[in-house]
Amino acid sequence: MREGNDTMNKRNDFASSALRSNMQRRDMLKLMGAGAAALSFGGMAATPAMAAEATVAFWATATLDIGDKWPEFARQSGVSPEFTDNGNDVGPVVARLAAGNANDLFDIGGFQGGAERELAKQGLIAPWDVSKIPNFAGIWQWAKDIPTLTYEGKQYGIPTVVNADSIIYRADKLGKVDSYGVIFDPKLKGRVAMEDAWINSAIFTAIYLKGAENKPIKDPGNLTESELGLVMEFLIKHKKDGQFRTFWNGWEQGVQLVANEEVDAMTGWEPIVYEGRKRGLQVEYAAPVEGYEGWGNNTVLLKGAAERGKADVAHKFVDGLLAGLYGCELGKARGYLVPTDNNLAYAKAHPDEYKADDVAKLADHVKAKFSGKVYWQNCRPDNFQLYEEWWQKLRNA
């Protein structure tokens, strides 16, 4: 009986406050006007023409919504998505899949990377048949190689959006920054910040300790008990020493720390750099010698879709995501990248809608990040509960 209770607790506890960071990405995009209404067809009513198409219920992170471009997507792909925002917090998502009705309501999930193996273990998702996704072949190899996309030799996740995070800094104050060491530099005591989320800040710290101080850390995205203790004790010590201005929480606070010139450097999301530049500040995004934190939003086939005979339509839909239109629109609206050359080919074929140079620049920018060292974000590390416990100790320190 205890084993059953423990299993259910794990399902319900699957990522909690740590994933606040990713929920805030969604809020950030809403505040920036990128919009993501949790309504069918991006908030539009279905037309008779659209009703004739095959449909899938797409339950995904709001950043994956392309709003009023879905009808054109449906025309080209033959599949109309009924889009619903899943909130992006993997904890409630898995709870609804495991003990709720999500698998009865939705066909395809668009989730923050790292959850696939746990979902597969619990039998909540079904594997993809990549032979039914012709455009899968065009996904860049390094995106295909994201470790959490497969389980027991089967493909459970399709990389739909990829990017990598590092350090925001004031170049006019600090010159060029190329190391996470700037965050822990005693000369900048009280002038640096990190995010109040282990999903990002613990991995950034682990990347630094592994790369700059040669600490015995194998995978910064999936720390062992001893590695996690090393990382968190390091952070707690620096917090007690007054190193950090704050552990910021949310897009607005992150932007304000930069805009109000409260910090000279902070770990965080690249869009904050662009917002700082809009406000006239000389803000840059570092290419750290220790490596980036890579992250992705991936599509998964919910087991309910397979059971309802929707698998073929689901495969057709995902193939459409990789065909070019979706990638061009997502890049234009969000600055996020679908990892395939089909985006550029589509832009060249539709110059009135998309600028091929802009599409190429975005691809080159993200490729440059992944050409070096990248450690993947993991929203469900093996020692998940210990991460939660340690992060609360940090907050209380």
Side-chain angles (χ1 to χ4, degrees), residues 29 34-36 41-42 49-50 53-54 56 58 60-61 63-81 83 108 110 113 128-146 149 155 157-164 270-271 274 292 294-301 312-372 374:
L29 291 165
F41 305 107
M50 291 168 66
E53 307 285 353
V56 293
F58 187 27
T61 300
T63 55
L64 302 186
D65 187 12
I66 57 170
D68 61 7
K69 287 293 183 177
W70 285 124
E72 178 59 22
F73 175 93
R75 188 188 70 79
Q76 294 184 19
S77 69
V79 182
S80 294
F83 187 93
I108 298 173
W128 294 103
D129 180 352
V130 296
S131 71
K132 295 181 179 180
I133 307 174
N135 285 315
F136 181 84
I139 295 175
W140 299 335
Q141 189 60 48
W142 57 261
K144 290 181 182 178
D145 291 340
I146 296 172
L149 297 175
Q155 189 82 35
I158 305 296
T160 307
V161 177
V162 294
N163 208 340
E270 191 169 11
Y274 298 112
Y292 284 97
W295 61 268
N297 279 103
N298 307 317
T299 47
V300 298
L301 177 62
D312 285 346
V313 175
H315 282 75
K316 190 175 181 181
F317 170 72
V318 171
D319 193 56
L321 295 180
L322 303 170
L325 166 64
Y326 183 75
C328 284
E329 185 61 26
L330 203 64
K332 182 179 178 180
R334 312 277 196 263
Y336 285 166
L337 183 72
V338 177
T340 173
D341 289 334
N342 287 344
N343 306 326
L344 183 57
Y346 187 90
K348 289 179 177 178
H350 299 82
D352 294 339
E353 297 179 67
Y354 303 103
K355 296 179 180 178
D357 286 348
D358 290 347
V359 174
K361 286 178 183 177
L362 176 61
D364 290 344
H365 174 63
V366 176
K367 282 180 178 179
K369 292 182 180 183
F370 285 94
S371 65
V374 174

- Check side chain to side chain contact (heavy atoms under 4.5 Å, CB included) between Lys361 and all other residues, then give those that pass, not counting sequence neighbours. none
- Item | Any side-chain donor near an acceptor of the partner, Thr61 and Asn297, under 3.5 Å | yes
- Message: Regarding Glu72 and Arg75, does a basic nitrogen lie under 4.0 Å from an acidic carboxylate oxygen?
- Response: yes
- Distance (rounded to the nearest 0.5 Å) between Phe83 CZ and Ile66 CD1: 9.5 Å
- Message: So, using side chain to side chain contact (heavy atoms under 4.5 Å, CB included) as the criterion, who are the partners of Asp312 when residues are at least two apart?
- Response: Lys132
- Tell me, with the steps shown, if Tyr346 and Glu353 meet side-chain contact (heavy atoms from CB on, under 4.5 Å). CA-CA 10 Å; Tyr346 187 90; Glu353 297 179 67; 4.3 Å; yes
- Query: Heavy-atom distance under 4.5 Å between the side chains of Glu270 and His365, does that happen here?
  - Reply: yes
- Query: Can you tell me if His315 uses its side chain to pair, donor with acceptor, with the backbone of Asp129 under 3.5 Å?
  - Reply: yes
- Message: In the structure I gave you, are the side-chain heavy atoms of Ile146 and Val162 within less than 4.5 Å of one another anywhere?
- Response: yes
- Message: Run Val161 and Leu64 through side-chain contact (heavy atoms from CB on, under 4.5 Å) and show every step you take.
- Response: CA-CA 8 Å; Val161 177; Leu64 302 186; 3.3 Å; yes
- Message: Could you tell me if the side chain of Asn163 sits less than 4.5 Å from the side chain of Lys369, heavy atoms only?
- Response: yes
- Query: Is the closest basic N to carboxylate O distance between Asp341 and Lys367 below 4.0 Å?
  - Reply: yes
- Contact summary for Thr340 and Leu322, nearest pair of heavy atoms: CG2-O, 3.9 Å
- Item | Nearest heavy-atom neighbours spanning Ala356 and Lys348 | CB-CG, 3.9 Å
- Distance from Cys328 atom SG to Asn342 atom CG, nearest 0.5 Å? 9.5 Å
- Could you tell me which non-hydrogen atom of Asp319 sits nearest to which non-hydrogen atom of Phe136, and how far apart they are? OD1-N, 4.4 Å
- Message: Can you tell me how far apart CG (Asn343) and CG (Leu330) are? Round to the nearest 0.5 Å.
- Response: 9.0 Å
- Note on the structure: Which of Val359, Val366, Asp364 passes side-chain contact (heavy atoms from CB on, under 4.5 Å) with Leu362? It is Val366
- Task: Identify the heavy atoms of Phe58 and Pro81 that sit nearest to each other, and give their distance.
- Result: CB-CB, 4.3 Å
- Classify the ring geometry between Trp142 and Trp140 as parallel (under 30°), tilted (30 to 60°) or perpendicular (over 60°). tilted
- Hey, could you give me the CG/CD1 distance between Leu321 and Ile108, rounded to the nearest 0.5 Å? 7.0 Å
- Task: Can you see which heavy atom on Ile139 is nearest to which on Ile158, and at what distance?
- Result: CD1-CG2, 4.1 Å
- Correct closest heavy-atom pair for Val300 and Trp128 would be C-CZ2, 3.4 Å
- Can Tyr326 and Phe317 be said to form a ring-ring contact (aromatic ring centres under 6.0 Å, His included), step by step? CA-CA 11 Å; Tyr326 183 75; Phe317 170 72; 7.8 Å; no
- Is the side chain of Gln76 donor-acceptor paired with the backbone N or O of Gly78 at a distance under 3.5 Å, no angle test? no
- Message: Are there over 12 heavy-atom neighbours, none belonging to Lys316, within less than 6.0 Å of that residue's NZ?
- Response: no
